[in-house]
Structure formats: C-alpha cells, structure tokens
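Residue numbering restarts at 1 for every chain, and letters A, B, ... go by the order of the sequence lines.
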Protein chains: 2
Amino acid sequence: MQRGSFQWMKSLNKSIILNKIRTSEPISRAQIAKETKLTPPTVGTIVKELLEQQLILESKLGESQGGRKPTMLVLNTSGFHIIGIDVGLSHIQFVISDLSGKVIDETEEVLAEEVTKEDFLALLTNGVNRLKERHDSLQFIGIGVAMHGVVESESGVSIFAPNLRLRNIPIKSHLEEVFRMDVKVENDAKAFALGEAWFQGQINHRSMVAVNIGRGIGAGIVIDGKLYNGEHGIAGEIGHMTIDINGKKCSCGNHGCLQTLASGPAIAERAKELLEKGGESIIAEWINEQELSAELVHKAALQNDQLAIKILHDTGVYIGIALTNLVHVWDPSIIIIGGGVSKAGDYIMTSIKETLVERTITEKAKTTLITISQLGSYGSSLGSVALILSELFEPTLL
Amino acid sequence: MQRGSFQWMKSLNKSIILNKIRTSEPISRAQIAKETKLTPPTVGTIVKELLEQQLILESKLGESQGGRKPTMLVLNTSGFHIIGIDVGLSHIQFVISDLSGKVIDETEEVLAEEVTKEDFLALLTNGVNRLKERHDSLQFIGIGVAMHGVVESESGVSIFAPNLRLRNIPIKSHLEEVFRMDVKVENDAKAFALGEAWFQGQINHRSMVAVNIGRGIGAGIVIDGKLYNGEHGIAGEIGHMTIDINGKKCSCGNHGCLQTLASGPAIAERAKELLEKGGESIIAEWINEQELSAELVHKAALQNDQLAIKILHDTGVYIGIALTNLVHVWDPSIIIIGGGVSKAGDYIMTSIKETLVERTITEKAKTTLITISQLGSYGSSLGSVALILSELFEPTLL
DNA sequence: CCCACTTTCTTAAGATACTTCATTAAGTAT
DNA sequence: ATACTTAATGAAGTATCTTAAGAAAGTGGG
C-alpha cells in the first residue's frame with residue numbers, strides 16, 4: 001500500500017489540480033481551490049510548477065465575479081503528443097494525438113497473411129518512425145499499443161494473437177528499446193474502453209463498461225478512471241458468457257456463449273439458417289454474388305427486409321440479455337457499445353435497450369445509460385493513447 | 001477526490017501500520033518499518049499513539065536477529081467490541097464480537113409472522129440492550145446490521161424486506177439515536193462477503209466474491225478490502241443471471257435465471273419433476289410424511305440415492321456455469337460459497353469445480369480458487385461486525 | 001471620479017509530520 | 001571483554017500544507 005510522504009502528498013495534489021483543469025478548463029486558481037478544497041496558496045504554487053512544466057497555459061482573463069478578473073488556466077493540449085497504435089485484422093493503424101485526444105496525423109501498415117515476430121515488430125517500428133519524421137518538432141511522451149488477443153499488460157507482451165498466429169511478442173520491450181519512451185500495451189477492447197472514458201467525458205462515471213461487438217465480443221471495464229483487469233487478466237470476456245446452456249457450440253468448447261448468438265459471424269449464420277428453412281428475404285438473391293455477412297443483413301434491413309430486421313432485433317435481445325447479466329453482476333453507471341455491430345445502429349440498439357429495461361430487476365437499474373461509441377474508427381487507437389495519458393495524469397508513486 | 005494534507009498523511013500511515021499489525025501480528029516496529037517502507041521514527045511515533053489509544057499492545061520480546069530483541073506488537077483484540085446483527089427469516093441473531101471476530105456472547109429474538117416497523121425496531125433495541133447489559137464493562141464501538149432484501153447502505157435504510165413485508169425501515173437512524181454509536185446496515189449477502197474477507201484472511205485477495213446460495217442466491221463482491229456496491233446498489237445479484245434463455249420463469253419475470261435452477265426451492269422443484277416422470281428414489285417414500293425440500297434431497301444423496309445425487313450434481317453444474325460467467329466478467333482471485341446449499345458439500349462442490357475448470361477459457365482462469373465458507377452460522381453476523389471494523393481500520397477522511 | 005468593497009492571487013510566517021543522522025539499548029559471536 | 005548487529009528513540013532538518021496578511025485588479029455607488 002502507498003505510504004504517505006511529502007512527495008506523495010504533493011504528487012497527489014498536483015494530480016488533483018491537473019485533472020481538475022483537464023476536466024473543467026478553462027478554470028481559475030480560485031475556482032480550483034474552492035472545488036478541490038485545497039487552499040489558494042497551495043493551488044498557486046502547484047499551478048506555477050505546472051506552468052513551468054508546460055503542461056498548462058494561462059489564457060485570457062475570465063468574467064469578473066464582482067472583483068478582480070480571474071486568469072483562466074487551460075491544458076496545454078498541443079505541448080506534448082502521444083503515438084497510438086491499433087493492431088487490427090488486416091492493418092495496423094498509427095495515430096499522433098495531442099493531450100485532448102485530437103488526431104494530428106495518421107498512417108497505416110498492411111499486415112500480410114503470414115508474418116513472423118520480427119516482421120511484425122519491424123512494421124511497428126516503421127509506422128512510428130514515419131510519423132515521427134513527419135513531425136520531428138513535436139515532443140512525444142509515449143507510445144500506446146492496442147492489440148487483439150491476450151495481452152499481459154504489465155510486461156507489455158502479446159501472449160497470443162490469433163489473427164497473426166503468433167505468441168509471446170515482446171512489444172513493449174522492443175519499442176522502448178528503439179524509441180526510448182514510455183510504452184503501454186493492452187488488449188484492444190480494454191484500450192477502447194479506456195479511450196471512451198477519457199475522451200467522451202465518461203471519466204466522471206465511477207464505473208463504466210465499453211462493449212466491443214464485431215467478429216468477437218469483448219468488454220473493457222473502467223472503474224474510477226482506471227482499467228480493471230481482474231486477477232487473471234480476463235475480466236470483461238463477455239463474449240464467452242453463457243446465456244443459453246442448450247445453445248450452439250462455441251469455439252471455446254462451451255455451448256450458448258453470447259458470441260454464438262450476437263457476433264458478426266453469428267448474425268450471418270442465423271441468416272443462413274433462416275433462409276435454409278425457407279425464410280423469404282432479398283438476401284437470398286444477393287448471396288449468389290456476395291458472401292453472406294452481417295453487413296449484408298444490415299443492408300437488407302435498410303431496405304425494410306423483415307427477415308433481416310428480425311435477425312437484428314433478436315441480436316439486440318441476446319446482447320440485451322447479456323448486458324442485463326452484466327448489470328446484475330457489475331452494475332455500471334453506463335454501458336457503451338462499439339465495434340462493427342454498433343454500425344447497425346437503431347435496429348439493434350432499440351431492442352438492446354428494451355430488453356435491458358424489461359429484464360433488470362430494480363427501477364434504479366433500469367436507468368443504466370446505454371450509448372453507442374462516438375470515437376469511430378479511431379476507437380482503439382485513441383484508447384491506446386489514453387493508456388499513456390492515464391499515467392501522465394495520475395500521481396506518481398514514491 | 002481526497003486531497004493530500006498533513007492529517008490525511010498521518011491518518012493514512014496510521015491505518016497502514018494498524019493493518020500491518022492486524023494481518024501480521026506479532027510484529028516488531030523494525031519489521032513494520034521494513035515492510036511498509038516507513039522510517040523507524042515514523043513507525044515509532046505512530047505506534048506510540050496506537051498504544052495510547054489502546055488499539056494495540058506490546059507483548060513479550062521476540063527472537064533476536066543477531067542483535068537487540070524486538071518488542072512485539074499485537075492487536076488489542078479485547079480492547080473494543082462490536083455488536084453484529086443478522087436479520088434472518090424467522091430469527092434475529094445478535095452477537096458480541098471482539099476485534100478479531102471472536103464471538104463473546106450471543107442472543108436471539110424471534111420474528112413473528114406479522115410485524116410492524118415499530119415492532120421490528122423494538123426487537124432490535126431489545127436484543128442489543130440485553131447483550132449490552134450482560135457486558136456493561138465492555139467498550140462498544142459500533143453496531144453492524146446484516147439485512148436481507150434491498151438495503152440502501154449510505155442511509156442505512158432497509159428499502160424492501162420481502163420476508164417481513166416491510167418497506168423503508170430507518171434502521172441506522174433508529175439505532176444511532178437509541179445507542180449513540182456508529183451503525184452500519186448492509187444487505188446480508190454483501191455483509192457475509194465482507195466477513196469472509198476480514199475473518200478468513202481473504203483480505204489479501206485483491207478481488208473476492210462470496211456467493212450465498214439458499215432460498216435465493218446473492219453474491220457480495222470485495223475489492224481491495226472494500227465492498228463493491230455498483231452504481232445502483234445491485235452489483236452481485238447473480239441469482240438473476242440468465243443462463244438459459246429458454247428456461248423456467250423466475251419470480252422476477254425473466255426466464256432461466258440461476259435462481260430457477262440452483263436455489264433451495266429449485267432443487268426441490270427439480271426433484272419433484274423427476275419423480276413425476278417416474279424416477280426411482282427413496283425420496284418418493286419420504287414425501288408422504290415430509291415436505292419435499294432441498295434438505296431431503298441431500299439426505300437421500302447421503303444414502304447413495306442416485307436420483308438425488310444426480311440432482312445435486314446438476315445443481316453444481318448450473319452454479320458452475322454461473323460462476324464461469326462471473327469469472328469471465330469479474331475474474332476474482334477467489335470465490336467463496338456459503339448458505340444452505342453449501343451444506344450439501346461435496347455433492348455440489350465437486351461438480352461446481354469441475355464445471356468451472358472445464359468451461360473457463362484460459363489456463364490462468366482455471367486456477368481461480370473456490371472454497372466453502374468457514375464462518376458457519378455466524379456468517380452474516382460477523383459480516384455486519386466487519387462493516388464496523390472496516391471503518392475502524394481505514395484512514396479517516398479529512 | 002473617488003472611495004469602499006469584492007474577488008483573485010501572492011507573499012511571509014507558522015504548523016505539521018516525515019527524514020536523516022546520531023545515540024542509546026540490548027542483544028550475539030569470537 | 002570487545003566488536004559487531006539489530007532495535008528503538010531523540011534531535012535537528014526539511015518539505016509541504018495552512019493561516020494570515022497584503023497587493024493587485026476589478027465593481028459600483030455617491
């Protein structure tokens with residue numbers, strides 16, 4: 001446990017003030033003192049330090065409250081930059097972000113079908129180098145990496161990356177050695193969750209869950225602004241939550257996992273079954289030319305195809321049931337939905353919400369907020385940026 | 001957020017030292033300094049204060065490590081006492097506990113079929129008074145109350161107590177007014193969880209879940225020694241986790257809740273169904289004289305009745321599936337099982353463990369510990385004691 | 001336009017509680 | 001006995017918050 005010392009006290013107060021500025025900018029010294037219960041002189045000296053470190057800036061004067069005008073303080077968002085990396089299925093996305101989560105520039109590397117560890121690490125180095133060279137005047141404070149599969153975040157090693165068919169890639173140590181800056185690696189669903197917390201003002205929620213539904217289903221859990229990993233690093237694996245003990249077999253070996261009912265492939269699968277049973281749908285005409293996919297089902301729904309609409313509706317019900325379980329176990333204040341399925345928008349969201357309200361057992365729980373992610377294609381990249389930011393804004397242990 | 005101040009620093013360090021003594025007694029000042037990274041003089045002055053407050057005692061000298069013998073410090077377990085109350089179905093249990101969780105004395109009040117709020121509060125007052133009078137020399141620091149149903153812990157109000165058919169009982173304010181001491185009220189499953197954490201040395205687990213399976217099924221979640229409530233106070237309601245979307249209807253209105261498969265009544269129900277289908281069992285002979293209950297099924301299993309054994313085995317599988325979901329969402333380091341079903345011991349436990357190992361998706365997760373509660377009939381009472389203790393041992397906000 | 005009053009921010013002195021360093025206390029080992 | 005360990009404490013030093021006072025910069029009424 002962290003012991004109390006002078007440095008710790010200082011670091012704690014500094015972090016409190018910095019975060020207050022971040023979340024409430026522009027704000028005056030006096031206002032900070034009121035809201036944090038720190039005394040004005042304490043705020044003064046710490047603000048002075050933050051100004052010297054260029055982490056914040058003094059902006060123009062604010063409105064008078066009946067006396068001297070306050071000098072407002074703002075975060076120096078463009079004073080430092082962070083490189084965020086999202087390792088996707090076929091591409092690696094690299095972004096440069098400022099402290100506010102604004103993307104300044106981006107680039108990409110293509111993932112070949114077969115890559116070795118060395119190939120992969122070289123791709124990471126290349127992408128980062130390209131961005132750094134384009135912006136050599138900027139000061140970078142760290143690199144965040146969002147990686148699919150199983151990641152051991154403390155060591156920054158990708159334990160197992162199914163899509164790359166690679167194991168034990170030492171991402172953190174490699175990048176730290178090459179670029180000599182702070183590197184954080186995390187599972188993409190978890191990084192995504194942290195990103196939502198940081199850049200969507202969701203950080204105020206004591207407990208939030210971000211669910212990523214695409215080819216697979218994963219969730220990241222953020223408590224008090226920090227990622228919750230669980231004891232064995234699998235907290236949030238709701239794709240393998242059993243909701244139908246007599247259901248279909250899942251790749252994990254169990255039956256009736258959420259993933260067998262509501263992932264992208266599962267949607268296509270259900271459509272196929274319904275068509276085989278003789279269901280009427282325009283999808284039947286399309287699949288001669290295209291492969292049956294979740295996107296196709298969505299496309300059909302947009303043309304008011306009843307079978308497609310029902311499939312999406314049912315998908316929402318399944319997700320809703322899983323989220324109800326989540327609420328009954330974890331009880332977060334907000335649930336954010338992202339990933340491919342979220343593009344199907346209202347067709348699915350409506351039934352998710354209805355299901356949740358219908359099934360949760362108390363009135364209060366029915367008020368749990370559910371929204372769709374607003375970060376778009378930068379979701380996981382900005383999440384990896386947030387990995388670095390969350391460290392910057394936290395008190396440093398001493 | 002808590003700001004750093006001198007008092008906070010002191011309070012924090014005091015709490016660190018007190019907890020170190022509690023968990024590692026007997027321990028010397030020097031050893032505390034080493035393990036907490038506090039300096040010897042700091043430890044010295046704080047220990048002096050704790051001695052003056054009578055919270056700890058100096059015991060005999062320890063073994064020499066090659067120099068002067070250390071004076072060992074121990075918790076003054078019998079210096080202060082706490083009253084714990086467990087409101088059960090038909091009885092209210094009152095216990096006096098010392099700081100180590102040892103029960104010094106106990107008493108009971110019987111709950112009539114119909115009680116008013118006033119009756120109920122009077123019963124609480126009576127029980128506490130009886131214990132206090134028997135031990136008027138002891139110094140009491142608080143009263144903890146474990147209450148079934150929905151409890152709002154901040155205000156200490158029982159929002160809804162289904163068994164008493166009462167709503168909005170102001171337990172905390174009533175007891176605080178009468179006895180002028182600190183009162184904490186919490187849901188019984190949650191209190192039980194905290195009790196396990198405190199008195200079974202489980203406090204070291206960063207994250208633990210205690211599941212109470214009896215007439216209903218509830219769980220309490222303890223993170224870093226503190227109860228996790230969730231945003232709307234329903235975290236841990238795993239009784240209403242859906243694991244079979246096509247299953248039986250539950251009292252909550254949904255289908256396939258764990259409670260419809262694995263609670264005491266559900267066990268009896270399943271036995272009844274199997275008998276009606278023509279299953280062979282000695283239970284069939286018994287139910288002419290006795291009502292069919294989970295206890296009866298257990299009794300039959302003890303006589304090697306195959307149908308009963310199968311029912312209990314299946315119950316374990318259902319619980320195992322729910323716990324697997326819990327592991328995939330929450331990923332605690334230990335799960336503790338208590339309540340009536342835990343009395344069925346090995347018949348159920350074996351299949352719970354097997355199911356969990358079979359279904360969890362990573363090797364690490366398969367190592368999640370599962371044990372049966374050791375607190376026996378004092379489970380919830382001692383949990384309510386822990387409500388008060390956890391406050392005593394925590395730094396006080398300033 | 002001056003003066004009293006606010007509000008903001010800073011400076012200076014004071015208080016608190018940790019740290020460092022030195023010392024005493026009480027052992028063990030040769 | 002002497003030298004070396006380890007344990008505990010005392011005294012001085014120091015970092016950092018707090019209190020109190022004051023300077024800076026505004027508002028508004030007469």
Legend entry - Closest listed nucleotide, where the reference is the side chain of B/S5 and the choices are C/dT16, C/dT10, D/dT18: D/dT18

Legend entry - Length of the CG-P vector between B/L73 and D/dA7, whole Å: 13 Å

Inset, instruction - Would you classify B/P70 as touching base, sugar-phosphate or nothing, given that sugar-phosphate means primed atoms plus P, OP1 and OP2, and contacts are heavy atoms under 4.0 Å? - result: sugar-phosphate

Inset, instruction - Could you check whether B/T71 gets within reach of a base, just the sugar-phosphate, or nothing at all, counting any heavy atom under 4.0 Å? - result: sugar-phosphate

Legend entry - 5' priority, DNA chain C, between A/G67 and A/E58 [closest heavy atom]: A/G67

Legend entry - A/R3 side-chain proximity, nearest of C/dT19, D/dA7, C/dC9: C/dT19

Inset, instruction - Specify the separation, in whole Å, of atom CE of B/M72 and atom P of D/dA7. - result: 10 Å

Inset, instruction - Respond yes when some side-chain nitrogen or oxygen of B/N13 is under 4.0 Å from OP1 or OP2 of C/dA17, and no when none is. - result: no

Legend entry - Side-chain donor-acceptor pair present, A/K48, A/Q53, cut-off under 3.5 Å: no

Inset, instruction - Provide the closest heavy-atom pair for B/G101 versus B/F199 in the form atom of the first, atom of the second, distance. - result: CA-CE2, 3.4 Å

Legend entry - Whole angstrom value for the distance that separates P of C/dA17 from NZ of B/K10: 5 Å

Legend entry - Polar side chain donor-acceptor pair, B/D331 to A/H232, under 3.5 angstrom: yes

Legend entry - Short side-chain N/O contact to C/dC18 OP1/OP2 from B/T39, under 4.0 Å: no

Legend entry - A/E49 CD to D/dA15 P, straight-line distance once rounded to whole Å: 13 Å

Inset, instruction - Please tell me which of the listed nucleotides, D/dT18, D/dG26, C/dT10, lies nearest to the side chain of A/P40? - result: C/dT10

Inset, instruction - Could you check A/T42 against A/K69 and say which one's nearest nucleotide on DNA chain D is further toward the 5' end? - result: A/T42

Inset, instruction - Take the protein atom CZ of A/R68 and the nucleotide atom P of D/dG26, then report the distance between them rounded to whole Å. - result: 8 Å

Inset, instruction - Decide whether A/T39 and A/T42 meet the rule of one side-chain donor and one side-chain acceptor closer than 3.5 Å. - result: yes

Legend entry - Nucleotide nearest B/P41 (side chain, heavy atoms from C-beta), chosen from C/dT16, C/dA12, D/dT9: D/dT9

Inset, instruction - Take the protein atom CE of A/M9 and the nucleotide atom C1' of C/dT19, then report the distance between them rounded to whole Å. - result: 13 Å

Inset, instruction - Would you mind reading off the distance between B/L12 atom CG and D/dC17 atom P, rounded to a whole angstrom? - result: 15 Å

Legend entry - Distance-only donor-acceptor check, side chains A/E176 and A/S173, under 3.5 Å: no

Legend entry - Closest nucleotide among C/dG27, D/dA7, C/dT19 to the B/K34 side chain: D/dA7

Inset, instruction - Could you state the atom-to-atom distance from NZ of B/K37 to C1' of C/dC18 in whole Å? - result: 17 Å

Inset, instruction - Measure from the side-chain heavy atoms of B/F6 and tell me the nearest of D/dT18, D/dT9, D/dT16. - result: D/dT16

